[in-house]
Number of protein chains: 4
Amino acid sequence: MKQPKFQRRAEDRPREICAAALEVFAEKGFASAKLDEIAKRAGVSKGTLYLYFADKEQLFRAVIRDAVVPNVERLRAALIQAGLPFGDLVRLFFSNFVEVTARVPIGAVAKMVISESGNFPELAKVWHDEVVSKAIGTMTALIEMAQAKGEVRAGDARLHTFSLLGPMLMGILYRQTLEPIGGEPLDLGELAKQHVETVLDGLLIGQPA
Amino acid sequence: MKQPKFQRRAEDRPREICAAALEVFAEKGFASAKLDEIAKRAGVSKGTLYLYFADKEQLFRAVIRDAVVPNVERLRAALIQAGLPFGDLVRLFFSNFVEVTARVPIGAVAKMVISESGNFPELAKVWHDEVVSKAIGTMTALIEMAQAKGEVRAGDARLHTFSLLGPMLMGILYRQTLEPIGGEPLDLGELAKQHVETVLDGLLIGQPA
Amino acid sequence: MKQPKFQRRAEDRPREICAAALEVFAEKGFASAKLDEIAKRAGVSKGTLYLYFADKEQLFRAVIRDAVVPNVERLRAALIQAGLPFGDLVRLFFSNFVEVTARVPIGAVAKMVISESGNFPELAKVWHDEVVSKAIGTMTALIEMAQAKGEVRAGDARLHTFSLLGPMLMGILYRQTLEPIGGEPLDLGELAKQHVETVLDGLLIGQPA
Amino acid sequence: MKQPKFQRRAEDRPREICAAALEVFAEKGFASAKLDEIAKRAGVSKGTLYLYFADKEQLFRAVIRDAVVPNVERLRAALIQAGLPFGDLVRLFFSNFVEVTARVPIGAVAKMVISESGNFPELAKVWHDEVVSKAIGTMTALIEMAQAKGEVRAGDARLHTFSLLGPMLMGILYRQTLEPIGGEPLDLGELAKQHVETVLDGLLIGQPA
DNA sequence: GATGAATGAGCATTCATTCAT
DNA sequence: CATGAATGAATGCTCATTCAT
């Protein structure tokens, strides 16, 4: 029954540590996250962290990178399916988005990046270049194409992108920060479904566009 | 005979300290904000902070309260002007919102609350109860009234509120976190103007709702 | 009888801390010296050290500088008293040297510099430039002048300087390292007196040079 | 069938480790020397060190012992060649000394002992008993014999020993600590040659001894 | 024997908080 | 009221030592 003092599992360690670190960073923020706690949750000693990551900041970076970047390309690729009318394209994007959101703690990561953008501008830059810029850019391009085809109303395509994506970001952050402290629960899937149709068709009734 | 040239009146001290603290908290986040720096920016000594605030956390709370709560009621009152059709109501809300945003660093405060929601749940609760809940509640009520009058399409009124407000939150956070590190500039006023009309009328053209 | 928790004595603090640090560094060497112990001996808290010195290394530098450099110029000046024949010049130097040695822990400092020359080359450089180079240079110049006047035998003046000073360095280091652990006591004054006459006149008797 | 090309024989390991350790200890001092680096330079793993030495301190002791003690007896024996006049005896000693110095890093070891005498008094004791005491004792005895024969001037024989050996110690330490950081190069052989004749005959000219 | 991943006590450094002035 | 020197608990990081393989 005695637990061996040492446990050797070199291959999984980085992943386990990243997972634990993601939890703690998301809960506490970068500065308030204690390496002691990350180590404890990862089931290793504090010293072990330093076998795999040079310091706290590098661990933070690794967490951001591992949790998000791999998913970005997948989302993007799903949209480069030409031939779909704009409405269906958007509906596809949102269903993918909800699915990814349920699987990876994208809300926690977004929260971390927002929190630490002042202290780690380079990190915010990575997030911007790898995630936000691509997401906004892709959607903006799709909108512009649809405008060219006469499918979408005039206006700045990038601002239209904010109209499309903003509510989802708001939803994610709401779930991350306010639901835990007693805010009325929010169903992201429902939000996505209703918002898509709303923004596509408009809130008002019976008025010519 | 003693008459120091620039004697600050004691009554202004708390305000000055709060203003300095808001700056530093917004730049660094709660944990990374140093009382040394807040004191320096406020032009007082570190010890003086403790004459007005029990500890760092109380100072943080005061900052949040002072910076936002007074503005919430004002915004709310502006909307309880019955008689306006829903579209005009929303347009009024957005113009007010943009104006407030330009005056108070609401983006910084939002960022702080998001950041520290894990460490200070009570604080997130204050923010939720005093700000978010009221904002969402007010808008939701307005929508429900408009739905009853047949002005607004069916659907969960609270989710419609996310459709309306989400892009503005996204815009605020974008300016707060990504513009400073090289993100393409965003004009919040333009965003507000275009988004209102879009979400009211719908993105798509010539399709029956 | 209760000691006040805080003691304010800003003007003396740096000196007191340096004195305590000199003791500890001399006993333990740089790496093994604990800031805890330095603080305790200085009668302050660990944090106080950082009010006056940026870090351990800067404290080390300050110790070296304060303990030695001021004394170097004094020694040097004492020798620029022209008119004395070489023998008297050397005797003057040695009596001054012994006096300084008794007052400042030059042995401890020498030991520290020798010890840490590998880890802090810049420090060894300061020691070299400010102390050793000047000492050797001054003595070498005096010897060359005496050689020109026919007072001193031929030969490399710098090597003659080693013949003159080496035994005193050996004596200092002996007292620093071996006396404390049971080595037979050594009287530096006696060493100086006998060595001067010996090196001036020669060890051997009745042999023509 | 297995016959690894470069299998090191186990018997050589301790020697190889000691050699690597001597290098690192000499460069960094005891406390700053990392077992990681010693292991790397010895071409073994960190764990292997513990197969041969109980801990860092024992390794340090072994290094000191192996590097110096064997050479002491050799030097000593070379001097117990009776029949030589004192001057020749001293010349023999110095030539031997220079030769040993060139072969073993006696300067590094001396530096280490000086550095760590405070932390390892027992080690300084070994060094004292095995090296310094014997060296000083032997030379002092030779001087006393020469004094009895009327070859050497009166005076404390032990202090005369400092006059003889001090410059060589100074030279060794100079090369160890100051040459590497830009001090003017020093030729130990030249120093030995000139110093012997100087101290034997005296610096001054034309004065009756 | 040999390895190197894992450990955890130890230490330099930071900073919110206190209090003598 | 105001100050800022002083405090000391907290924490990131190091590295000698251990042990499963």
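Computed from a prediction, not measured in an experiment: that's the story for all the values here. Per chain, numbering begins at 1; letters A, B, ... match sequence-line order. What's counted below: heavy atoms across the whole structure, side chains too, no hydrogens, waters or symmetry copies.
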- Query: Who are the side chain to side chain contact (heavy atoms under 4.5 Å, CB included) partners of A62(B), not counting sequence neighbours?
  - Reply: C18(B), F53(B)
- Once you round it to whole Å, what is the distance between P of dT13(E) and CG of L51(C)? 14 Å
- Task: Apply side chain to side chain donor-acceptor pair (under 3.5 Å) to K125(C) and list each qualifying residue two or more places apart in sequence or on a separate chain.
- Result: D129(C)
- Item | Shortest non-hydrogen contact from L49(D) toward A39(D) | CD1-CB, 4.2 Å
- Item | dA2(E) phosphate, OP1 or OP2, under 4.0 Å from R13(D) side-chain N/O | yes
- Message: If you take any heavy atom closer than 4.0 Å to DNA chain F, which residues from residues 18-36 of chain D end up in contact?
- Response: A33(D), K34(D), L35(D)
- Message: Once side chain to side chain contact (heavy atoms under 4.5 Å, CB included) is applied, do any residues pair with V109(B), and if so which ones, sequence neighbours excluded?
- Response: L22(B), I64(B), A67(B), V68(B), V113(B), W127(B)
- Closest to the 5' end of DNA chain E, once V44(A) and Y50(B) are matched to their nearest nucleotides, is V44(A)
- Query: Which nucleotide sits closest to the side chain of Y52(B): dC1(F), dT7(E), dG4(F)?
  - Reply: dC1(F)
- Residues two or more places apart in sequence or in another chain: which of them pass ring pair (Phe, Tyr, Trp, His ring centres under 6.0 Å) with F120(C)? F30(C), F60(C)
- Taking atom C1' of dT11(F) as reference, at what distance in whole Å does atom CD1 of I38(A) sit? 12 Å
- dT7(E) phosphate, OP1 or OP2, under 4.0 Å from S45(A) side-chain N/O: yes
- dC15(F) C1' sits how many Å from K40(D) NZ, rounded? 14 Å
- For I17(A) and dA5(E), what is the distance between atoms CD1 and P respectively, to the nearest whole Å? 13 Å
- Query: Separation of E37(D) atom CD from dT14(F) atom P, in whole Å?
  - Reply: 15 Å
- What is the distance from CG of L49(A) to P of dT7(E), rounded to the nearest Å? 10 Å
- Message: From C-beta outward on K46(A), which listed nucleotide comes closest to its side chain: dG4(F), dA6(E), dC13(F)?
- Response: dC13(F)
- Quick one: list whatever passes side chain to side chain donor-acceptor pair (under 3.5 Å) with R61(C), sequence neighbours left out. E57(C), E122(C)
- Of all pairs that satisfy side-chain hydrogen bond (donor to acceptor under 3.5 Å, both in side chains), the ones with a partner from residues 107-120 of chain D, not counting sequence neighbours: S115(C)-S115(D)
- Message: Using a 3.5 Å limit for the pairing distances, which stems of at least 3 consecutive Watson-Crick or G-U wobble pairs does DNA chain F take part in?
- Response: E:2-21 with F:2-21
- Message: To the nearest 0.5 Å, what is the distance between CG on L123(A) and CE on M112(A)?
- Response: 7.5 Å
- Residues at least two apart in sequence or cross-chain that pass side chain to side chain donor-acceptor pair (under 3.5 Å) with T48(C), listed by chain then number, are S45(C)
- Sequence neighbours left out, what passes side chain to side chain donor-acceptor pair (under 3.5 Å) with Q58(B)? Give chain and number order. none
- Going by number, which of residues 54-63 of chain B have a non-hydrogen atom under 4.0 Å from DNA chain E? D55(B), K56(B)
- Quick note, side-chain hydrogen bond (donor to acceptor under 3.5 Å, both in side chains) partners involving residues 31-40 of chain A, not counting sequence neighbours, are E37(A)-R41(A)
